Amino acid sequence: MSGAASAPTVGRFAPSPTGPLHFGSLVAALASFCDARAAGGRWLVRIEDVDEPRAVPGAERDILDTLARYGFAADGPVVRQSERDALYAEAIAALDARGLAYPCACTRRELEAAPLSPTGERVYPGTCRQGIPVDRVTRARRSIRVRVDDAVVGFVDRLQGPQRQDLAREVGDFVVRRSDGLAAYQLAVVVDDAEQRVTHVVRGADLLASTPRQIHVQRVLGLATPAYLHVPIAINASGEKLSKQTHARALPDDPLPALVAAWRFLEQPDAAPATLADFWAHAFASWSPARLPPVAMLPAPRMALAV
Ligand code: GLU
């Protein structure tokens with residue numbers, strides 16, 4: 001892990017403010033917090049509101065209040081992606097200076113006709129790679145893509161094991177600046193993790209397939225690659241990830257039962273803490289990544305689903 005081995009551990013939790021925290025977010029918050037604290041490291045909170053149109057008013061406040069009530073304490077100021085566009089612009093300019101970025105005028109509808117990779121990703125067919133085709137040059141809305149060339153990205157996830165992605169075949173050149181002018185998640189997350197000196201990324205396994213894209217951006221920008229650990233995501237009875245779209249229940253006011261349920265979900269050494277303070281003392285002392293279930297998804301406990 002270039003640079004990460006000797007650096008002090010820095011973890012982070014990066015919720016998108018699209019609604020209240022639910023059990024799935026709690027699992028990611030808990031795993032990242034315990035992982036950083038058990039290593040004597042720092043833990044940061046970053047509000048991922050880069051997709052401003054999707055941000056819900058009041059959601060950030062609600063998320064931060066819930067984290068505080070549950071006993072999560074960030075070791076530094078909360079940062080917001082909506083305030084960091086200058087950093088993203090700098091990174092995109094650096095890609096451009098290396099000849100690795102180009103404008104793309106394809107519409108979403110046109111791209112819907114593109115083939116799917118074996119993992120179900122839409123592969124960009126390279127339409128604008130050699131320049132925007134004449135029939136599209138008058139279009140004002142353009143995204144910016146990064147070239148993947150022949151990059152095959154491999155990494156070893158601390159839980160899910162060895163991963164490998166042939167970017168050209170499985171993803172294609174991907175968007176770093178959207179056609180509405182906003183930085184794309186894949187770019188913003190890399191810039192933020194590097195700028196915040198994050199050494200250990202712990203998050204849900206739904207982002208496992210995004211990681212090679214992020215490592216590609218790190219490599220072409222000369223940034224360190226953090227260690228990655230992707231925990232199982234919580235799914236409902238229909239096999240869907242808990243999310244706002246699947247009407248996941250907001251976390252309850254009382255933190256202890258939910259934290260204990262998340263701890264069990266992660267198959268950590270059992271405990272019956274009487275208080276929130278007891279829970280955290282036990283969690284930091286007994287966090288065991290080796291006991292985490294090495295799977296991509298697991299059924300959420302009943303308390304996360306009942307309405
Ligand atoms: N903002 C993303 C989410 O809420 C998490 C991104 C990440 O942890 O890298 O799903």
Side-chain angles (χ1 to χ4, degrees), residues 4 9-36 42-56 59-60 62-64 66-67 72 74 78-84 87-88 91 153 155 157-160 163 165 174-176 178 182-218 223-235 240-246 248 250-251 262 266 296-297 300:
T9 296
V10 181
R12 58 30 162 216
F13 174 56
S16 304
T18 52
L21 292 180
H22 51 74
F23 183 80
S25 1
L26 179 63
V27 166
L30 179 61
S32 62
F33 191 39
C34 290
D35 197 61
R42 299 167 61 231
W43 182 77
L44 304 174
V45 173
R46 178 168 79 228
I47 298 293
E48 296 214 322
D49 55 356
V50 70
D51 190 352
E52 289 172 59
R54 280 188 62 223
V56 171
E60 174 189 321
D62 189 60
I63 289 171
L64 295 177
T66 303
L67 288 174
F72 291 93
V78 171
V79 304
R80 285 170 197 82
Q81 290 186 324
S82 56
E83 295 166 0
R84 294 162 72 82
L87 288 171
Y88 311 143
V153 176
F155 71 101
D157 187 85
R158 291 168 57 205
L159 179 60
Q160 309 288 340
Q163 311 289 319
Q165 203 174 63
F174 55 92
V175 173
V176 289
R178 305 172 0 168
L182 295 171
Y185 159 71
Q186 305 291 4
L187 185 278
V189 74
V190 166
V191 169
D192 289 336
D193 284 339
E195 196 273 333
Q196 296 189 285
R197 305 233 184 291
V198 171
T199 60
H200 290 70
V201 172
V202 178
R203 59 186 179 187
D206 52 325
L207 292 164
L208 193 59
S210 286
T211 307
R213 257 166 279 189
Q214 295 170 17
I215 294 176
H216 177 66
V217 175
Q218 289 156 4
L223 302 171
T225 291
Y228 288 97
L229 190 164
H230 287 86
V231 294
I233 56 166
I235 54 173
E240 302 159 322
K241 177 192 167 192
L242 300 189
S243 69
K244 188 175 174 222
Q245 289 72 30
T246 59
L251 286 174
L266 291 166
M297 47 186 87

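For ligands, and for the atoms within them, numbers begin at 1 and follow the listed sequence. Fair warning: this is a prediction, and the values are worked out from it, not measured in the lab.
Heavy-atom minimum distance, Arg46 versus Pro15: O-CD, 3.3 Å. Shown here for Asp157 and Leu159, the closest heavy-atom pair between the two residues is OD2-N, 2.9 Å.
A distance of 5.0 Å separates CD1 of Ile63 from CG of Leu21, quoted to the nearest 0.5 Å. The CD atom of Gln160 sits 5.5 Å away from atom CG of Leu208, with the distance rounded to the nearest 0.5 Å. Between Asp206 atom CG and Ile235 atom CD1 the span is 12.0 Å, to the nearest 0.5 Å.
The ligand atoms of ligand 1 that sit less than 4.0 angstrom from a heavy atom of Arg203 are 7 (C), 8 (O), 9 (O). Each of the following atoms of ligand 1 lies closer than 4.0 Å to a heavy atom of Val189: 9 (O).
Looking only at atom types and distance, the side chain of Arg12 has no donor-acceptor partner in the side chain of Gln196 under 3.5 Å away.
The protein non-hydrogen atom at the shortest distance from atom 3 (C) of ligand 1 is Ser16 OG, 3.6 Å. For atom 8 (O) of ligand 1, the nearest non-hydrogen atom of the protein is Arg12 NH1, 2.7 Å. Considering only non-hydrogen protein atoms, atom 5 (C) of ligand 1 sits nearest to Ala14 O, 3.4 Å. Glu48 OE1, 3.1 Å is the protein heavy atom nearest to atom 6 (C) of ligand 1.
The side chain of Leu207, and not its backbone, has at least one atom closer than 4.0 Å to an atom of ligand 1 (non-hydrogen atoms only; side chain from C-beta on).
Using cut-offs of 30° and 60° for the angle between ring planes, the Phe155 and Tyr228 rings count as perpendicular.
At least one heavy atom of Tyr185 sits closer than 4.0 Å to an atom of ligand 1.
By the 3.5 Å distance cut-off applied to N or O atoms, Lys241 is not counted among the residues near ligand 1.
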